[in-house]
Amino acid sequence: MTTTSTDLAFTGVDGLDDILAGGLTRGRVFLLEGSPGTGKTTIATQFLMEGTARGESCLYVSLSETEDEMRDGAASHGWDLAGIELFELVPPESLLDEEQQQSLLYSSDLELGETTRRIFEAFERVKPDRVVLDSLSEIRLLAQSSLRYRRQILALKHFFSTQKATVLMLDDLTADTLDKTVHSVAHGVVRLEELAPEYGPERRRMRVIKYRGRRFRGGFHDFVIETGGVRVFPRLVSAEHKTEYLRDVVKSDSAALDALLGGGIERGSSVLVLGPAGTGKSLLCLTFIAAAVQRGERAAMFAFDEELGLLFDRALGLGIDLRAMVDSGKLVIEQVDAAELSPGEFSQRVRHCVEKHGARTIIIDSLNGYQAAMPEENALVLHMHELLQYLNRQGATTFLTVAQHGLVGDMKAPVDVTYLADTVVLLRYFEALGRVRRAISIIKKRTGAHEDTIREFRIGHYGIRLGEPLVGFQGVLRGVPNFVGGPGSTTLLEDEER
């Protein structure tokens with residue numbers, strides 16, 4: 001057998017080696033378990049293809065699929081299994097004969113011994129560095145008892161270990177889901193799961209249950225099966241991504257807005273823009289993208305709620321040509337379908353924009369759409385905490401929008417993430433002098449002082465325009481203000497400024 005300079009066998013699955021702290025320990029037996037359809041065969045095939053790419057000999061022993069089925073499955077991904085020895089293990093024809101089944105000897109005894117013997121013979125013939133055994137459920141059925149099954153697995157493990165082969169055993173959990181025999185025997189255990197939400201496609205995730213002698217990345221990790229194989233999205237841990245950067249102040253293209261913010265937004269901080277639908281949350285964030293591109297920086301926007309064509313047209317009405325920014329390579333805009341995207345994959349997309357594209361201004365519009373991709377609110381908060389901490393440590397300035405329920409009066413957000421953001425901008429509708437108007441105020445800013453005033457604002461072809469503080473009104477943030485000032489104390493924007 002070939003020799004290598006490393007003690008780890010790379011799996012060939014994008015993202016999986018990161019979870020496994022580098023790969024699979026060579027010369028050990030690992031268990032990959034999951035219900036049918038979770039991607040076990042695909043991962044196992046990628047594991048062997050990675051071995052052949054590195055000049056290793058590989059053996060695939062199948063007790064459940066025919067060779068034609070395996071080749072058809074590989075062809076659906078555009079793979080050529082050249083270099084992988086496929087061994088289709090089927091019961092001898094004599095054991096399927098009706099007269100033989102009526103013998104005093106149990107057919108399972110004959111089949112189990114014959115199956116083991118033929119596996120050993122195939123191994124001795126190929127002498128592989130990597131082996132896949134698919135699947136253990138067939139061996140469990142032949143063994144018929146937990147004791148015989150455990151002895152059989154121990155015999156297989158001892159044989160493979162003496163040959164220094166790296167073995168991946170597959171288990172489809174169709175025989176006995178409570179049997180943990182292989183868990184105690186295997187060097188490492190990886191479980192695949194498939195979730196069926198009430199709406200949208202299935203979601204898949206994996207978890208490393210056990211890995212002797214190595215510190216792996218725990219918890220659940222989302223993954224997808226697509227043409228070309230399995231892609232895993234390791235759970236984001238922000239503490240692993242610390243960088244040094246200059247904490248300067250990021251400005252918008254509006255001097256009045258910057259003044260309201262106390263000079264601007266500190267780089268590497270997060271901004272939450274709250275308000276009911278239609279108050280201009282997205283357009284307010286776009287002014288920071290325009291300013292970033294003018295500075296020569298790169299930016300990224302993830303649109304959950306709005307169709308990109310409509311967004312481009314609306315921005316163009318403000319004098320912001322998003323399409324030109326995209327064509328120049330300064331801006332990445334992705335339309336995100338919450339029903340089709342897992343939280344782990346979304347985090348990976350954001351990381352790609354930051355680490356590969358070099359984006360330093362990020363907009364997530366909106367958190368309501370992001371929540372739709374989450375199983376529950378608690379998970380949303382945890383995901384957002386890690387994602388914001390990661391972006392902050394990368395020196396990226398992040399803008400999140402949240403649409404509150406209702407238009408005026410007592411309004412609530414679908415989830416409270418105000419404590420996560422460094423700056424909170426509140427937008428409101430209010431009625432005055434027979435018109436519906438918009439107000440803006442800064443509720444919170446961790447990184448410095450800011451104005452505590454409430455100002456009317458308008459958005460038009462000139463961009464964003466802020467008025468003087470609304471000193472003549474009380475209750476603007478409730479949406480139902482009272483006029484408390486005297487004559488001349490109204491500070492509303494004039495109609496001709498629209």
Side-chain angles (χ1 to χ4, degrees), residues 199-201 224 226 252-254 257 271-343 345-354 356-374 387 391 396-405 407 414 425 427 429 436 438 457-465 498:
Y199 180 81
V224 295
E226 55 191 15
S252 70
D253 59 357
S254 169
L257 177 59
V271 181
L272 178 64
V273 183
L274 282 168
T279 46
K281 299 181 296 297
S282 303
L283 299 179
L284 180 67
C285 295
L286 288 179
T287 63
F288 286 91
I289 278 189
V293 172
Q294 288 176 3
R295 292 192 300 269
E297 299 177 2
R298 297 178 184 272
M301 181 175 184
F302 299 90
F304 282 87
D305 308 325
E306 192 169 2
E307 195 273 327
L308 291 187
L310 179 59
L311 178 64
F312 286 168
D313 291 342
R314 288 207 303 146
L316 196 59
L318 297 179
I320 301 175
D321 193 346
L322 294 180
R323 196 176 302 277
M325 296 179 189
V326 172
D327 294 340
S328 68
K330 295 294 185 181
L331 176 64
V332 173
I333 296 185
E334 292 195 18
Q335 180 87 60
V336 182
D337 187 346
E340 301 290 330
L341 190 69
S342 68
E345 184 174 358
F346 176 68
S347 296
Q348 191 71 17
R349 287 192 185 184
V350 175
R351 286 187 60 185
H352 179 81
C353 285
V354 172
K356 305 298 183 183
H357 183 70
R360 287 298 173 264
T361 299
I362 307 292
I363 293 180
I364 300 175
D365 183 31
S366 68
L367 208 56
N368 305 73
Y370 183 63
Q371 183 188 25
M374 305 299 297
L387 185 58
L391 291 170
T397 307
T398 310
F399 294 85
L400 308 169
T401 67
V402 175
Q404 294 177 294
H405 300 313
L407 294 176
V425 180
L427 306 184
Y429 289 116
V436 177
R438 297 184 179 98
F457 78 98
R458 288 179 181 166
I459 300 176
H461 62 87
Y462 43 74
I464 183 170
R465 185 186 299 275
R498 285 180 177 271

> Under 3.5 Å, side chain of Lys281 to main-chain N/O of Pro276, donor-acceptor pair present?
Replying inline: yes
> What side-chain hydrogen bond (donor to acceptor under 3.5 Å, both in side chains) pairs are there with at least one residue in residues 315-337, not counting sequence neighbours?
Replying inline: Glu334-Arg349
>> Test of understanding: with side chain to side chain donor-acceptor pair (under 3.5 Å), list the residues that count as partners of Ser282, not counting sequence neighbours.
In response: Asp365
> If every non-hydrogen atom of Ser347 is compared with every non-hydrogen atom of Tyr370, which pair is closest and at what distance?
Replying inline: OG-OH, 4.5 Å
>> Under the side-chain hydrogen bond (donor to acceptor under 3.5 Å, both in side chains) definition, can you give me all pairs with a residue in residues 300-316, not counting sequence neighbours?
In response: Asp305-Ser366, Glu306-Arg314
> Does some side-chain heavy atom of Leu283 sit less than 4.5 Å from a side-chain heavy atom of Ile464?
Replying inline: no
>> Test: side-chain hydrogen bond (donor to acceptor under 3.5 Å, both in side chains). Region: residues 290-301. Which pairs qualify, not counting sequence neighbours?
In response: Arg267-Glu297, Arg295-Glu297
> Where is the tightest heavy-atom contact between Asn368 and Ala403, given as atom of each residue plus distance?
Replying inline: OD1-N, 2.8 Å
>> According to side chain to side chain contact (heavy atoms under 4.5 Å, CB included), who are the partners of Ala300, at least two apart in sequence or on a separate chain?
In response: Phe302, Val332, Cys353, Ala359, Ile362
> Taking only residues two or more places apart in sequence or in another chain, which ones pass side chain to side chain contact (heavy atoms under 4.5 Å, CB included) with Ile320?
Replying inline: Leu286, Ala290, Ala315, Leu318, Leu322, Met325
> Do Arg438 and Tyr429 come within less than 4.5 Å of each other through their side chains, counting heavy atoms only?
Replying inline: yes
> Which one of Val402, Thr401, Leu400 satisfies the side-chain contact (heavy atoms from CB on, under 4.5 Å) criterion with Ile364?
Replying inline: Leu400
>> For Phe457 and Leu427: C-alpha separation, side-chain torsions, deciding distance, then whether side-chain contact (heavy atoms from CB on, under 4.5 Å) applies.
In response: CA-CA 9 Å; Phe457 78 98; Leu427 306 184; 3.9 Å; yes
>> Checking Phe312 now: which residues fulfil ring-ring contact (aromatic ring centres under 6.0 Å, His included) with it, not counting sequence neighbours?
In response: none
>> Between Leu387 and Phe346, is there a side-chain heavy-atom distance shorter than 4.5 Å?
In response: yes
> Shortest non-hydrogen contact from Val273 to Leu284?
Replying inline: CG1-CD2, 4.1 Å
> Which heavy atom of Ala303 sits nearest a heavy atom of Leu308, and at what distance?
Replying inline: CB-CD2, 4.1 Å
> ring-ring contact (aromatic ring centres under 6.0 Å, His included): which pairs involve residues 272-293, sequence neighbours left out?
Replying inline: Phe288-Phe399
>> Checking Thr398 now: which residues fulfil side chain to side chain donor-acceptor pair (under 3.5 Å) with it, not counting sequence neighbours?
In response: none
